[in-house]
Structures are given as C-alpha cells and as structure tokens.
A.B. asks: 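One structure follows; several queries about it will come next.
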There are 2 protein chains.
Amino acid sequence: MPSAPKLSDQLCFAAYSFTHALNRAYRPLLEPLGLTYPQYLVMLVLWEADGQTVKEIGERLKLDSGTLTPLLKRLETGGYLTRQRGRQDERQVIVNLTNEGKALSEKAAEIPTALGCAMGAEFAEISELREHLLTLRDRLVEAGCAVGEVEG
Amino acid sequence: MPSAPKLSDQLCFAAYSFTHALNRAYRPLLEPLGLTYPQYLVMLVLWEADGQTVKEIGERLKLDSGTLTPLLKRLETGGYLTRQRGRQDERQVIVNLTNEGKALSEKAAEIPTALGCAMGAEFAEISELREHLLTLRDRLVEAGCAVGEVEG
DNA sequence: CGTAATTAAATTGCGCGCAATTAATATGGG
DNA sequence: CCCATATTAATTGCGCGCAATTTAATTACG
C-alpha cells in the first residue's frame, strides 16, 4: 500500500484521539455531578444564559435536535432543567434550569482547573491552541468541499 | 451562575467541535469509498501493516474490542477484510485485507490533501498542531486524575 | 500435572451524533 | 383569507465509544 495515507501524519487522528482522551478524563470528574460530557456542555451553555430554545443551544454547540432532544429529556428527568413550549411561538421549546441545575454550577467550578492541571499546560498555551482549533473548525465548516494540497 | 465555567474558555469544547467538523468534512469524501471515519482509521492502520490482531489495531487507535468487533464485522461484510482466529494463539483474531481492501488505498490517497486544503493550512502548521495535540493527549492519559491550576 | 490467574474477543447496554423523515406551527404571497 | 413555504422539535435508524460482563484460550504456580 505505497500510496496509502499514514495514520501518524493525520491531524484528524490526533484531534480524534485527543478528544477521546479528554472525554475519558472528564468522566470521573463529571460522574459525581451525574452528567455526561455532552450534558455538561449543555449545562455550560445554560449557566451562561438560562431560558434558551433548543435551537439556540444547538447553534452554540453545533448539535441538532436529534441529539439534543433525548439529551435534554434526560437532564429533565434528572431534575436539572425544565422544557416548555414557547408562548408566542409554539414551535419552540424553552429550556430553563431548576434550582438544582443552577446549584450544580458551583460543583462544576473546579473542573476546568483539574483538566488544565492534568494536561500540564499554561493558560496561554491552552488559549492559543483553543483559538487555533476554532479557526480551523470554522474554515472546515465554510469549505465543506474542495481538493487541494496538504495533509488532513 | 457567577462561578460557572464559560464554554468559550474551554479547550475541550474547541477540540470537541473541531473533531465533529472534521468528521462532517470527511463524510462526503469517504462515502464513495463506503467507509465511515472510524472505519477509515482502521483501514489506515491496516494499509500500514496488514495481518494485525484486534488488540494491536485497538492499541494503535485507542479503541477496545467493544468498538472494534462490530466495526470489523461490517468491514468484513463489505468485503474489505477477513477475520480469522490465530493458529498458535486461538484467543487472537487476525485481520487481513482483501484485494479490494488493499485497492481502496489508492482511492483514499487524495483524501488528506482535500482536507488540508479545506482547512487552508500549511503542512508545517498542521504538523505542529498534530504533535501538540498528541502531547497533551498523552499527558491526559498519564494523569487521569489530579486537581490543579489552569483552564481545561 | 491441575488449578488459579491472566489475556483476547465478543457481548450487552446505554448515550451520543447525525441523516432523514414527520408533525405542528408560523409566515408570506396572491 | 387561503394556500404554499419556512421553521422548530420530535422521531427513527444506524454506527460509534465505552463500561461491564462473559466466554474461551493461555500462562503461571504450587
């Protein structure tokens, strides 16, 4: 297989396995809160601004209702939020935190710290890497197609 | 929620959404080959070295048999590889590419190029970012625990 | 030897992630 | 006003990822 791309050359695999490693690192930290990692992301969005629609949450996290609806139902069952149809527009579903859901943010406060430590990285380094990834992500979303000249 | 971590501060979310964007960018490129992205990764591993065990493939990709067994069965059904118990150690399953599976590497040759172009990134930039992510990944795997001082 | 401990895959169960479809509501044009 | 079109969620189906368990084969130990 002389022409085959090499795994070790792939940025995509590095990102893929880094993400999985992050997920595994989060698991024991989130388990005491009763959250999975995607559920934690939804809570982050709601802690920043309560009362958002499913659509708004989805835009923020780049997820659709196929993923969010069952996830939100589980968080509702867990007592962290409520879901109710909008009054002026009944197509929308507004998601509100319960007191329990709001209180959870305090327990979650130390999680980023723990992760940063586990990675042994400085704030500036993390920050730069984050922006780099978001830039490339946005270019990927924008491109969607094309055939060009470098490693993927 | 004054103490809550912010989504925009999170490296984890940047990596998470970058990975999903990559996945979506790969989809239309891999569909003509009849592969999903994880299946493509397995093929990359086998194109580099045919005849590996499930364990070896899993170590390379950081995946376990719970993920690999059904995935490999699908690739077997698709005619890209065969799975057979090892002769000298019957606990192992050796995975071999079929001619069709080997031939697929040629069609896949242009994929990394297309992705690199879609990201609009130089080889050096990609390369550096890749190493950075792998370094942090390995630190995460090594740490597994701890509570420290920076953003995650 | 023979039994205990170890190892490799497979299986089970659950939660994403996403494409595709459906249902209900809202909007805009004639 | 009515109907075609848009939009928002929900639903369905499938393929990961992974923890936990099970099964089978190998190795280590007394």
Side-chain angles (χ1 to χ4, degrees), chain A residues 12-13 15-28 30-31 34-43 52-78 83-95 141 144, chain B residues 12-13 15-28 30-31 34-43 52-78 83-95 141 144:
Chain A
C12 64
F13 174 65
Y16 170 89
S17 66
F18 176 61
T19 299
H20 289 335
L22 266 174
N23 226 305
R24 272 167 242 150
Y26 267 104
R27 196 179 303 274
L30 290 174
E31 206 199 357
L35 296 175
T36 66
Y37 177 64
Q39 289 167 8
Y40 170 69
L41 291 179
V42 168
M43 295 303 283
Q52 296 187 68
T53 65
V54 172
K55 179 113 205 288
E56 289 167 334
I57 296 170
E59 279 172 358
R60 202 75 205 286
L61 296 177
K62 317 288 184 193
L63 295 174
D64 67 4
S65 67
T67 300
L68 286 174
T69 297
L71 189 157
L72 289 168
K73 282 182 179 172
R74 275 173 222 121
L75 289 173
E76 187 178 33
T77 302
R83 303 181 315 128
Q84 53 187 72
R85 288 281 166 184
R87 293 244 182 86
Q88 80 290 15
D89 186 341
E90 292 210 344
R91 289 171 304 180
Q92 305 186 132
V93 165
I94 283 99
V95 179
V141 172
Chain B
C12 64
F13 173 65
Y16 170 89
S17 65
F18 175 61
T19 300
H20 289 335
L22 266 174
N23 226 305
R24 272 167 241 150
Y26 268 104
R27 195 179 305 273
L30 291 175
E31 205 198 358
L35 296 176
T36 66
Y37 177 62
Q39 288 167 8
Y40 170 68
L41 291 179
V42 168
M43 294 303 282
Q52 297 188 66
T53 65
V54 172
K55 179 112 206 287
E56 289 166 335
I57 296 170
E59 279 171 358
R60 203 74 205 285
L61 296 177
K62 319 286 184 193
L63 296 173
D64 67 5
S65 66
T67 300
L68 287 174
T69 297
L71 188 157
L72 290 168
K73 281 182 179 173
R74 276 173 222 121
L75 288 174
E76 187 178 34
T77 302
R83 304 180 315 128
Q84 53 188 77
R85 290 280 167 184
R87 293 247 181 84
Q88 81 289 15
D89 185 342
E90 292 211 342
R91 290 171 303 180
Q92 305 186 131
V93 166
I94 284 102
V95 179
V141 172

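These figures come from a predicted structure and were not determined experimentally. Letters A, B, ... are given to chains in the order of the sequence lines, protein chains preceding strands, and every chain is numbered from 1.
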A.B. asks: Determine whether R87(B) and Q92(B) satisfy the following criterion, side-chain contact (heavy atoms from CB on, under 4.5 Å), listing intermediate values before the conclusion.
C.D. replies: CA-CA 9 Å; R87(B) 293 247 181 84; Q92(B) 305 186 131; over 6 Å; no
A.B. asks: Does dC14(C) have OP1 or OP2 under 4.0 Å away from a side-chain N or O of R74(A)?
C.D. replies: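 For dC14(C), neither OP1 nor OP2 has a side-chain N or O of R74(A) closer than 4.0 Å.
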A.B. asks: In whole angstroms, how far is the C1' atom of dG17(D) from the CG atom of L72(B)?
C.D. replies: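 Between C1' of dG17(D) and CG of L72(B): 14 Å.
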A.B. asks: Quick check against the 3.5 Å criterion: does R85(B) have a side-chain atom that pairs as donor or acceptor with the backbone of R91(B)?
C.D. replies: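 Looks like yes, one N/O pair under 3.5 Å.
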A.B. asks: Assuming nearest nucleotide by heavy-atom distance, tell me which of L71(A) and I94(B) is located more 5' along DNA chain C.
C.D. replies: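 Looking at the nearest nucleotide for each, I94(B) comes out on the 5' side.
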A.B. asks: Please check: side-chain N/O of Q39(B) versus main-chain N/O of T36(B), any donor-acceptor pairing under 3.5 Å?
C.D. replies: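 Between the backbone of T36(B) and the side chain of Q39(B) there is a qualifying donor-acceptor contact (under 3.5 Å).
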A.B. asks: Could you list the residues that satisfy ring pair (Phe, Tyr, Trp, His ring centres under 6.0 Å) with F18(B), not counting sequence neighbours?
C.D. replies: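 Partners of F18(B) under the ring pair (Phe, Tyr, Trp, His ring centres under 6.0 Å) test: none.
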A.B. asks: Counting only side-chain nitrogens and oxygens, does T53(B) get under 4.0 Å of the OP1 or OP2 atom of dA9(C)?
C.D. replies: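 For dA9(C), OP1 or OP2 has a side-chain N or O of T53(B) closer than 4.0 Å.
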A.B. asks: Could you state the atom-to-atom distance from CG of L61(B) to C1' of dC16(D) in whole Å?
C.D. replies: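 One finds 13 Å between C1' of dC16(D) and CG of L61(B), rounded.
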A.B. asks: Between S17(A) and L61(B), is any pair of side-chain heavy atoms under 4.5 Å apart?
C.D. replies: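 No - every pair of side-chain heavy atoms lies 4.5 Å or more apart.
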A.B. asks: At under 4.0 Å, does any side-chain N or O of R83(B) touch on OP1 or OP2 of dA9(C)?
C.D. replies: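 No.
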A.B. asks: Could you check whether any side-chain N or O of T67(B) sits under 3.5 Å from a backbone N or O of L63(B), counting only pairs where one atom can act as donor and the other as acceptor?
C.D. replies: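 The answer is no, because no donor-acceptor pair under 3.5 Å joins these two groups.
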A.B. asks: Take atom CD of Q84(A) and atom P of dA10(D), then tell me their distance rounded to the nearest Å.
C.D. replies: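 To the nearest whole Å, that distance equals 13 Å.
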A.B. asks: Ignoring hydrogens and geometry, is there a side-chain-to-backbone donor-acceptor pair from T77(B) to K73(B) under 3.5 Å?
C.D. replies: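 Yes.
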A.B. asks: Does the E56(A) side chain pair with the main chain of T53(A), one donor and one acceptor, at a distance under 3.5 Å?
C.D. replies: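 Yes; judged by distance alone, with no hydrogens or angles, the pair exists.
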A.B. asks: For V54(B), which of I94(B), D64(B), V93(B) qualifies under side chain to side chain contact (heavy atoms under 4.5 Å, CB included)?
C.D. replies: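 Result for side chain to side chain contact (heavy atoms under 4.5 Å, CB included) with V54(B): V93(B).
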A.B. asks: Tell me whether the side-chain N/O atoms of Y16(A) come closer than 4.0 Å to OP1 or OP2 in dG17(D).
C.D. replies: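 Looking at the OP1 and OP2 atoms of dG17(D), one of them is under 4.0 Å from a side-chain N or O of Y16(A).
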A.B. asks: So which protein N/O to nucleotides 18-21 of chain C N/O distances come out below 3.5 Å?
C.D. replies:
| unit_1 | atom_1 | unit_2 | atom_2 | d |
| --- | --- | --- | --- | --- |
| dC18(C) | OP1 | R24(B) | NE | 2.7 |
| dC18(C) | OP1 | R24(B) | NH2 | 2.7 |
| dC18(C) | OP2 | R24(B) | NH2 | 3.3 |
| dC18(C) | N4 | G66(A) | O | 3.4 |

A.B. asks: Given side-chain contact (heavy atoms from CB on, under 4.5 Å), test Q52(A) with I57(A) step by step and report yes or no.
C.D. replies: CA-CA 7 Å; Q52(A) 296 187 68; I57(A) 296 170; 4.1 Å; yes
A.B. asks: Could you tell me the separation between the CZ atom of F18(B) and the P atom of dG17(C), rounded to a whole number of Å?
C.D. replies: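 Spelled out: CZ on F18(B) to P on dG17(C) is 17 Å.
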A.B. asks: To the nearest Å, give me how far apart CD1 (I57(B)) and C1' (dA8(C)) are.
C.D. replies: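 Nearest whole value for this atom pair: 13 Å.
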A.B. asks: Quick one: look up who dT25(C) pairs with, Watson-Crick or G-U, both distances under 3.5 Å, and put none if it's unpaired.
C.D. replies: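 Here dT25(C) is not engaged in any pair, so there is no nucleotide opposite it.
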A.B. asks: For L68(A) and dG17(C), what is the distance between atoms CG and P respectively, to the nearest whole Å?
C.D. replies: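 Computing the L68(A):CG to dG17(C):P distance gives 9 Å.
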A.B. asks: With a 3.5 Å limit on both atom pairs, tell me what dT27(D) is paired to, counting Watson-Crick and G-U wobble, or say none.
C.D. replies: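 Per the H-bond distance test, dA4(C).
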A.B. asks: May I have the distance from E76(A) (atom CD) to dA9(D) (atom P), rounded to whole angstrom?
C.D. replies: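 From E76(A) CD to dA9(D) P: 14 Å.
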A.B. asks: Over how many whole Å does the gap from R85(B) atom CZ to dT26(D) atom C1' extend?
C.D. replies: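 Going from R85(B) (CZ) to dT26(D) (C1'), I get 13 Å.
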A.B. asks: Are K73(A) and dT11(D) close enough that a side-chain N or O sits under 4.0 Å from OP1 or OP2?
C.D. replies: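 So the side chain of K73(A) is within the cut-off, an N or O lying under 4.0 Å from OP1 or OP2 of dT11(D).
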A.B. asks: Which ones in residues 34-43 of chain A lie close to DNA chain D, meaning a heavy atom under 4.0 Å from one of its atoms?
C.D. replies: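 Those residues whose heavy atoms fall under 4.0 Å from DNA chain D, taken from residues 34-43 of chain A, amount to none.
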A.B. asks: Between the protein and nucleotides 24-27 of chain C, list every N/O to N/O distance that falls short of 3.5 Å.
C.D. replies:
| unit_1 | atom_1 | unit_2 | atom_2 | d |
| --- | --- | --- | --- | --- |
| dA26(C) | OP1 | Q88(A) | O | 3.4 |
| dA26(C) | OP1 | E90(A) | N | 3.0 |

A.B. asks: Can you name the salt bridge (Lys or Arg N to Asp or Glu O under 4.0 Å) partners of R27(B), sequence neighbours left out?
C.D. replies: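 Partners of R27(B) under the salt bridge (Lys or Arg N to Asp or Glu O under 4.0 Å) test: none.
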A.B. asks: Syn or anti for dA6(D), taking syn as within 90° of 0?
C.D. replies: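 Syn, since the glycosidic angle lies within 90° of 0.
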A.B. asks: What pairs with Y40(A) under ring pair (Phe, Tyr, Trp, His ring centres under 6.0 Å), at least two apart in sequence or on another chain?
C.D. replies: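 Ring pair (Phe, Tyr, Trp, His ring centres under 6.0 Å) list for Y40(A), sorted by chain: Y26(A).
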